[in-house]
Amino acid sequence: MRNIRTILLTLVLQAIALGAYSQAITSVHGTVSDDMEPLIGATVCEIDGNGRIIESAITDLNGNFTMKIQNPKDKIRFTYVGMKTVTLPINKTTYEITMESATELQEVTVVSKRRARGNSLPIPERELSYATQSLDMKEFEGLGITSVDEVLQGRIAGLDIIGNSGDLGSGSTMRLRGASSLSTLTNANPLIVVDGNIRDVNLDNFDMASANNEKFAELLNINPEDIASINVLKDAAATALYGSQGGNGVIELTTKRGVPGPPKLTYSLKLTGTFQPKGYKLLNGDDYTMLLKESYFNPEQNDNASANVPEINYDPTFSEYEQYNNNTDWREAVTQWGMRQNHYITVSGGGEKASFRISGGFDNETGTIIEQKLNRFTTRVALDYNISRRIRVSTNFALTYTKNDRNSDDLLSIALRKMPNLSIFEQDPLTGKDTDRYYQMLQTASRIFNDNQKSLINPVASAHLAKNQQRTYDMTPELVINYQLLGTNYDKTQLNWRGSVYMSIYNEYIDRFYPQELTTVAWRSLPSRTRTTN
């Protein structure tokens with residue numbers, strides 16, 4: 001009986017000593033080899049109960065390794081390409097591991113099923129029937145492309161894209177299904193979907209009839225460098241994914257995400273020059289004045305009609321003589337060479353469980369019309385974390401800030417109709433030299449200009465004196481959780497749950513100022529547009 005007690009006491013003491021020993025393990029070392037030689041670059045990992053890597057080390061040229069231990073209750077795993085994985089408990093400080101070959105390969109069959117992802121769970125493509133066309137953005141790397149409509153131009157069959165104007169930020173009108181669209185709305189532009197989220201333009205007090213200008217351009221404010229692929233659904237069968245709102249066609253944009261690997265930093269700079277074609281040749285001031293005189297002479301075959309128009313007689317005694325004896329090229333005065341700068345930087349990377357991609361872009365552009373400037377800042381953050389094989393959490397955050405200095409009037413249209421014998425600046429009546437004040441045709445000028453030239457302002461003065469600035473903030477934060485409840489095998493019955501929280505925050509600020517000095521009409525006679533100061 002006494003011997004039995006002694007044996008039990010000895011076992012208890014040994015167990016206590018062993019537990020205390022294991023608790024004292026803070027690091028391990030050893031050698032990893034195969035049947036012939038040490039293994040160089042074998043991976044040694046400390047893993048927890050869920051298989052997550054806590055610490056890791058790599059064997060050196062002699063197969064030796066040393067690694068810190070965070071929790072002795074975890075396990076230690078040895079892996080090497082072509083060798084069977086060895087997993088052991090952490091109960092000692094020295095390991096001498098001989099790994100066995102795993103060259104016996106069995107046949108592996110990989111089955112891939114393409115799925116179309118709409119605004120809900122993915123749908124197998126074999127269950128859909130529609131005309132579609134896809135673009136891979138790798139085709140456009142290094143090209144001077146700044147918006148999605150430039151990418152799609154001329155590359156999608158049946159997609160018509162027409163620029164609204166040459167103004168910066170004016171956007172484009174898109175027609176994917178033409179006038180035969182099922183939609184009864186006045187806006188027939190295709191539906192824009194970014195990462196499964198519909199970009200809705202139905203803002204408060206938003207007129208759908210004018211949705212083909214700056215408002216629709218805001219949908220395409222995504223930096224092309226952030227786009228991985230574009231998928232265009234052309235016909236009405238796209239409603240299988242997006243319902244009746246896809247009746248005008250759908251343009252699906254998929255953005256880039258991080259991939260496992262070491263952090264990678266990229267930077268790109270694009271410089272682009274733009275210009276306005278001259279178009280048809282315009283008359284100079286002398287030719288224009290002569291044609292006016294002939295138009296008044298021909299009906300009556302005398303000079304009396306034109307003699308009553310001092311603005312075209314070159315009479316030095318006329319008080320405004322110096323203002324009407326010029327050869328002004330108004331089109332040349334309001335156009336310029338435009339310059340576009342696009343800066344873009346990204347940081348991406350990830351590991352076994354998580355991946356990330358952070359991007360930022362800055363665009364600075366001057367238009368081909370004077371005093372047009374556009375500054376745009378874009379940033380996008382994409383984070384993915386695999387909690388397990390079944391649970392994946394993704395977060396997305398996008399911010400676009402745009403500052404657009406636009407013209408208050410259509411300067412090019414005015415320049416093409418403005419009298420070329422008029423001066424841009426007021427001229428001194430004695431010397432004929434330009435002053436620092438812009439010239440506007442007086443309302444006391446001949447009545448023959450009432451319905452034409454008197455209503456045309458000085459386009460150069462409008463560009464420099466009037467203010468029409470638009471600032472927009474567009475933020476789209478999103479949180480997505482995907483949970484495959486019954487497993488990941490597509491050949492078996494699945495029950496998948498996808499939960500997402502998506503917000504679209506849009507703010508717009510418009511600052512306008514139109515000074516009275518741009519017209520010689522009395523203040524009370526001005527239209528309400530010109531009386532708006534903010």
Side-chain angles (χ1 to χ4, degrees), residues 162-171 213-214 273-292 295 309 311-312 320 322-340 365-374 404-427 432 434-443 445-446 448-470 512-521 526-527 529-530:
I162 302 175
N164 293 320
S165 71
D167 296 336
L168 299 182
S170 61
N213 206 331
E214 285 83 355
T274 57
F275 72 98
Q276 284 271 3
K278 286 294 184 182
Y280 53 83
K281 188 176 181 180
L282 302 177
L283 296 173
N284 60 24
D286 296 333
D287 294 337
Y288 178 82
T289 303
M290 181 57 65
L291 286 178
L292 279 181
S295 67
V309 185
E311 286 82 5
I312 62 175
E320 300 290 307
E322 291 293 345
Q323 322 301 334
Y324 288 87
N325 64 350
N326 301 275
N327 289 288
T328 302
D329 189 344
W330 289 102
R331 179 173 56 189
E332 182 71 21
V334 300
T335 57
Q336 64 180 6
W337 270 87
M339 178 61 68
R340 179 189 299 167
E365 185 174 358
T366 56
T368 56
I369 304 297
I370 58 175
E371 296 302 313
Q372 286 188 355
K373 300 176 183 177
L374 177 67
N404 190 1
D405 291 315
R406 302 178 293 185
N407 300 130
S408 298
D409 299 285
D410 190 346
L411 304 188
L412 187 59
S413 175
I414 297 174
L416 295 176
R417 294 178 291 154
K418 193 75 171 174
M419 290 173 56
N421 63 334
L422 275 174
S423 174
I424 298 177
F425 295 92
E426 287 188 14
Q427 295 181 341
D434 290 341
T435 65
D436 58 353
R437 298 184 300 275
Y438 293 102
Y439 182 72
Q440 304 288 348
M441 176 180 282
L442 301 178
Q443 296 302 308
S446 176
I448 66 172
F449 303 116
N450 284 350
D451 298 327
N452 189 349
Q453 296 296 321
K454 286 185 181 180
S455 61
L456 298 179
I457 65 169
N458 186 329
V460 179
S462 174
H464 290 90
L465 299 180
K467 182 178 182 180
N468 185 11
Q469 185 183 90
Q470 178 193 38
R512 291 193 181 101
F513 175 70
Y514 203 89
Q516 186 185 4
E517 59 187 295
L518 290 179
T519 178
T520 55
V521 178
L526 291 176
R529 178 181 67 86
T530 58

Distance-only side-chain donor-acceptor flag, Asn458 / Gln440, under 3.5 Å | no
Residues Asn404 and Gln469: side-chain donor-acceptor under 3.5 angstrom | no
Return the minimal non-hydrogen interatomic distance between [X] and [Y], and the atom names on each side.
X	Y	answer
Thr289	Ile312	CG2-O, 3.2 Å
Asn452	Leu456	O-CG, 3.6 Å
Asn327	Gly285	OD1-N, 2.8 Å
Leu411	Pro459	CD2-O, 3.5 Å
Ser462	Leu518	N-CD2, 3.7 Å
Ala466	Ser408	CB-OG, 3.5 Å

For [X], all residues meeting salt bridge (charged side-chain N to carboxylate O under 4.0 Å, His left out), sequence neighbours excluded:
X	value
Arg417	none
Glu517	none
Lys278	Glu332
Lys454	none

Partners of Ala333 by side chain to side chain contact (heavy atoms under 4.5 Å, CB included), sequence neighbours excluded?
-> Ile424, Val460
By side chain to side chain contact (heavy atoms under 4.5 Å, CB included) - contacts of Ile448 (at least two apart) | Tyr296, Val309, Ser446
Test item: [X] and [Y] side chains (from C-beta on) under 4.5 Å apart, heavy atoms:
X	Y	answer
Thr335	Ile369	yes
Trp330	Leu412	no
Leu282	Arg331	yes
Thr368	Gln336	no
Asp405	Leu374	no
Tyr438	His464	yes
Glu311	Asn421	no

Please report the C-alpha distance between Asn407 and Gln372 in whole Å, then the side-chain angles of each, then the deciding distance to 0.1 Å, and finally whether the side-chain hydrogen bond (donor to acceptor under 3.5 Å, both in side chains) criterion is met.
-> CA-CA 7 Å; Asn407 300 130; Gln372 286 188 355; 2.9 Å; yes
Does Asp451 CG have over 12 foreign heavy atoms under 6.0 Å away?
-> no
[atom1]/[X] to [atom2]/[Y] distance, rounded to the nearest 0.5 angstrom?
X	Y	atom1	atom2	value
Asn468	Tyr514	CG	OH	11.0 Å
Asn326	Met419	CG	CE	10.5 Å
Met339	Glu365	CE	CD	10.5 Å
Gln453	Leu422	CD	CG	7.0 Å

Using the side-chain hydrogen bond (donor to acceptor under 3.5 Å, both in side chains) criterion, which residues pair with [X]? Sequence neighbours excluded.
X	answer
Glu320	Tyr439
Asp434	Gln427
Glu426	Arg437
Asp329	none

Take Asp409 and Ile457, measure what side chain to side chain contact (heavy atoms under 4.5 Å, CB included) needs, and give me the verdict at the end.
-> CA-CA 9 Å; Asp409 299 285; Ile457 65 169; 3.1 Å; yes
Go through Arg512 and Lys467 one step at a time and tell me if the side chain to side chain contact (heavy atoms under 4.5 Å, CB included) criterion holds.
-> CA-CA 5 Å; Arg512 291 193 181 101; Lys467 182 178 182 180; over 6 Å; no
Name all residues meeting the ring-ring contact (aromatic ring centres under 6.0 Å, His included) criterion together with Tyr288; count only those two or more places apart in sequence or in a different chain, and write none if there are none.
->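 Applying ring-ring contact (aromatic ring centres under 6.0 Å, His included) to Tyr288 gives none.
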ring-ring contact (aromatic ring centres under 6.0 Å, His included) involving Phe449 - partner list, sequence neighbours excluded |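 So Phe449 forms no ring-ring contact (aromatic ring centres under 6.0 Å, His included) with any residue.
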